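What you see is a predicted model; the values in this text were computed from it and never measured.
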Amino acid sequence: MTITYPRAMPAGCQATDTMRMIRSEAASMLSSGATQAIQLAPPRWRCDYTTKPLSMAERRPWRAWLDSLNGAMRTFLGHSPLQIWPGAYPGGFAGMNRASGGAFDGTAQASAVTATGIAIIGLPAGFVLGAGDMLGLVQNGKYGLYRILEAVVGAGNGTASVSLSPAVNTSLFSVGATVNFAKPVCEMILDPATAPDASAELSRKPVTFTGIQRLY
């Protein structure tokens, strides 16, 4: 059987923290009193994951999954277990329909893309997005994860515009990209600075690991 990457995470994972953005920046004070700051590298997402306490047998599939990633050499699709849905829809989108017709499954399309945000079509009428909600962009096998910066209520025709962080890479994502509100993901590797723990001890214990976003 051929394994394809990025791999989906096994079911049942929790998080010890929300997705948090790691920034690489430097600042210096000038003799004039002014402060200068520069970005050394694009920001990326990081998340600490843990499962519930598992038996030795229950940990085996997790050990196999972690081994398949070959340390930090292979990738997986990481999401925030604490932010699977927008805050206004904690139970998901069952029974919701797009303004244009048809069931809404949590995905829409980008009708405009800039570095600071996107315009969206294909939403339910009056779709509610809160500051701090997350969405994903998917296009041509690339995945981006973004936090919504200001609350928005979509129009009656199923459109909305949102401001996002971090900056959208417009060389990867453009008009027609899939916009995902249902368990949005980014492509991640195992953080090489934190060894995963899926040991074969007899006692019940959780599996723990840390993912860090892979930038394209």
Given 3.5 Å as the limit, does a donor-acceptor pair link the side chain of [X] with the main chain of [Y], or not?
X	Y	answer
Arg59	Leu54	yes
Trp62	Thr208	no
Arg23	Pro42	no
Gln109	Val175	no
Asn180	Gly136	no
Gln213	Trp45	yes

- Message: By the ring-ring contact (aromatic ring centres under 6.0 Å, His included) test, which pairs, at least two apart or in different chains, include something from residues 135-172?
- Response: none
In Å, rounded to the nearest 0.5 Å, how long is the span from [atom1] of [X] to [atom2] of [Y]?
X	Y	atom1	atom2	answer
Tyr216	Asn169	OH	CG	10.5 Å
Asn70	Ile3	CG	CD1	11.0 Å
Asp133	Leu149	CG	CG	11.5 Å
Ser55	Arg60	OG	CZ	8.0 Å
Cys186	Leu137	SG	CG	11.5 Å
Ile118	Leu164	CD1	CG	5.5 Å

Shared hydrophobic cluster for [X] and [Y] (ILVMFWY, side-chain gaps under 4.5 Å):
X	Y	value
Met188	Val207	yes
Ile84	Leu145	no
Val168	Leu135	yes
Leu77	Trp85	yes
Ile148	Ile121	no

Would a 4.5 Å heavy-atom cut-off, applied to side chains only, mark [X] and [Y] as touching?
X	Y	answer
Met21	Pro166	yes
Cys47	Arg20	no
Tyr5	Phe76	no
Phe209	Met9	yes
Lys205	Met56	no
Asn140	Phe173	no

Atom of [X], atom of [Y] and distance for their closest heavy-atom approach:
X	Y	answer
Ala182	Phe93	CB-CE1, 4.1 Å
Ala99	Ala125	CB-N, 3.9 Å
Thr50	Pro206	OG1-CB, 3.5 Å
Tyr49	Pro81	CE2-CD, 3.8 Å
Pro53	Arg204	O-NH2, 2.9 Å
Ala160	Gly154	CB-CA, 4.0 Å

- In the hydrophobic clustering (ILVMFWY, side-chain contacts below 4.5 Å, transitive), which residues join Ile189, or is it alone? Ile212
- Item | Lys142 atom NZ, over 12 foreign heavy atoms within 6.0 Å | yes
- Might you confirm whether atom CD of Glu150 has over 12 heavy atoms from other residues, nucleotides or ligands at distances under 6.0 Å? no
Applying side-chain hydrogen bond (donor to acceptor under 3.5 Å, both in side chains), can you list everything that pairs with [X], at least two apart in sequence or on another chain?
X	result
Arg214	Glu187
Asp105	Arg98, Thr107
Thr114	Thr116

- Are Arg46 and Asp191 close enough, and set up right, to give a side chain to side chain contact (heavy atoms under 4.5 Å, CB included), and what steps lead you there? CA-CA 8 Å; Arg46 185 179 188 274; Asp191 185 353; 3.3 Å; yes
- Just do the side chain to side chain contact (heavy atoms under 4.5 Å, CB included) check on Tyr89 and Met96 with the steps written out, would you? CA-CA 10 Å; Tyr89 309 99; Met96 296 180 65; 3.7 Å; yes
- Query: After noting the C-alpha distance and the side-chain angles of Ser68 and Arg7, does the key distance pass the side chain to side chain donor-acceptor pair (under 3.5 Å) rule?
  - Reply: CA-CA 9 Å; Ser68 76; Arg7 295 201 74 182; 2.8 Å; yes
- Does the pair Met134 and Met19 meet the rule for a side chain to side chain contact (heavy atoms under 4.5 Å, CB included), with working shown? CA-CA 10 Å; Met134 304 191 81; Met19 279 276 185; 4.2 Å; yes
- Task: Please list, chain by chain and in numerical order, all residues satisfying side-chain contact (heavy atoms from CB on, under 4.5 Å) with Ala155, sequence neighbours excluded.
- Result: Asn157, Thr159
- Message: Is the distance between the ring centroids of Phe127 and Phe104 under 6.0 Å?
- Response: yes
